[in-house]
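The structure under discussion appears below in the form of structure tokens.
FYI, the numbering just counts along the sequence from 1.
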Amino acid sequence: MAARVERLVTAGQFSLDGGTWDVENNVWIVGDDHEAVVIDAAHDAEAIAAAVGDRRLTAIVCTHAHNDHIDAAPALADLTGATIWLHRDDLPLWKMTHPDRDPDEHLIDGQVIEAAGADLRVLHTPGHAPGAVCLHDPALGVVFTGDTLFQGGPGATGRSYSHFPTIIDSIRDRLLTLPHGTKVLTGHGDPTTIGAEAPHLEEWIARGH
């Protein structure tokens, strides 16, 4: 059975640098009727577990370690036995939310996370966060971008651990080189495509944020 992609939207709060904002996050579930992977366990472990259902959850992949993308990860892992994956460069951010629990495994650029027929290749795309990653599956024609690339431009770089020139380099070199028909499945909001965003790179650079 071919892998499919499902979206669950959960609501909670994002906190960093002394500020807190209400947010809605996309939680992506990739798999078939028997097995699945969750990308970004945000806010509500029980709702995510219910969406996974009786499938075996093999991995919880964190695109980065801002609290709104990882706050439910340990609880979801405890409920399901899934392995939590995070890029090592985001451990300082992870520790702000989960000081007493480490991720189980560290994501490495180029590795492939397998999920019920899906092959999610890890692309290290720092800028929004040092350990930010995107996950590309050529067969599904999708890339999960977390908060690196949205409909309308790059993720925010105005807070700690972020850097605008770095996110531009990541988007230019790692994402805009993907086929233009690739669907961009983001950490918040609506999907877009690589082809829809690629023509605007110079505008983003000129805006400088």
Side-chain angles (χ1 to χ4, degrees), residues 5 14-17 19 21 23 25-26 28 30 39-40 42 61-70 85-97 103 105-113 118-209:
V5 177
F14 166 57
S15 298
L16 190 65
D17 296 340
W21 299 265
V23 289
N25 286 62
N26 294 327
W28 298 102
V30 185
I39 300 169
D40 287 346
V61 184
C62 308
T63 61
H64 62 295
H66 284 152
N67 73 288
D68 58 319
H69 291 256
I70 63 165
W85 292 79
L86 177 75
H87 194 282
R88 187 183 298 273
D89 290 354
D90 259 20
L91 280 175
L93 281 167
W94 171 276
K95 287 294 191 182
M96 291 180 183
T97 302
E105 300 285 349
H106 292 124
L107 296 167
I108 299 169
D109 185 63
Q111 83 179 91
V112 174
I113 304 286
D119 290 320
L120 302 169
R121 182 170 296 279
V122 176
L123 307 175
H124 183 209
T125 51
H128 181 71
V133 302
C134 298
L135 302 160
H136 177 226
D137 188 321
L140 288 175
V142 300
V143 60
F144 300 91
T145 55
D147 289 359
T148 295
L149 178 63
F150 291 102
Q151 184 183 79
T157 52
R159 302 190 183 101
S160 298
Y161 297 96
S162 65
H163 189 241
F164 180 75
T166 301
I167 202 171
I168 288 294
D169 287 347
S170 292
I171 291 170
R172 177 198 290 119
D173 298 341
R174 307 306 305 275
L175 298 181
L176 301 187
T177 53
L178 299 176
H180 276 201
T182 305
K183 195 169 188 180
V184 175
L185 303 180
T186 56
H188 309 269
D190 294 329
T192 181
T193 65
I194 294 296
E197 303 307 321
H200 303 292
L201 178 66
E202 296 306 322
E203 298 169 28
W204 304 335
I205 295 170
R207 279 208 312 255
H209 62 79

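- In this structure, D40 contributes its side chain and T63 its backbone to a donor-acceptor pair below 3.5 Å.
- Put simply, the side chain of H128 gets close to the backbone of A156: a donor and an acceptor are under 3.5 Å apart.
- Looking only at distances, a side-chain donor or acceptor of W28 sits under 3.5 Å from a matching main-chain atom of T186.
- The side-chain heavy atoms of I39 and N26, taken from C-beta on, include no pair separated by under 4.5 Å.
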Task: Evaluation steps, side-chain contact (heavy atoms from CB on, under 4.5 Å), between I171 and T148 - done: CA-CA 7 Å; I171 291 170; T148 295; 3.9 Å; yes

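- The distance from atom NE2 of H64 to atom CG of D147, rounded to the nearest 0.5 Å, is 4.0 Å.
- Within the 3.5 Å criterion, the main-chain N or O of L86 finds no donor-acceptor partner in the side chain of E105.
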- [ ] Apply side-chain contact (heavy atoms from CB on, under 4.5 Å) to H188 and F14, showing your working.
- [x] CA-CA 12 Å; H188 309 269; F14 166 57; over 6 Å; no

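- T166 places none of its side-chain heavy atoms less than 4.5 Å from the side chain of P130.
- Residues K183 and V142 meet the side-chain proximity criterion, which asks for heavy atoms closer than 4.5 Å.
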TODO: Apply side chain to side chain donor-acceptor pair (under 3.5 Å) to the pair D17 and S160, showing each step before the final yes or no.
DONE: CA-CA 7 Å; D17 296 340; S160 298; 2.6 Å; yes

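- Using a distance-only test at 3.5 Å, with no hydrogens or angles considered, a donor-acceptor pair links the side chain of D90 to the main chain of G131.
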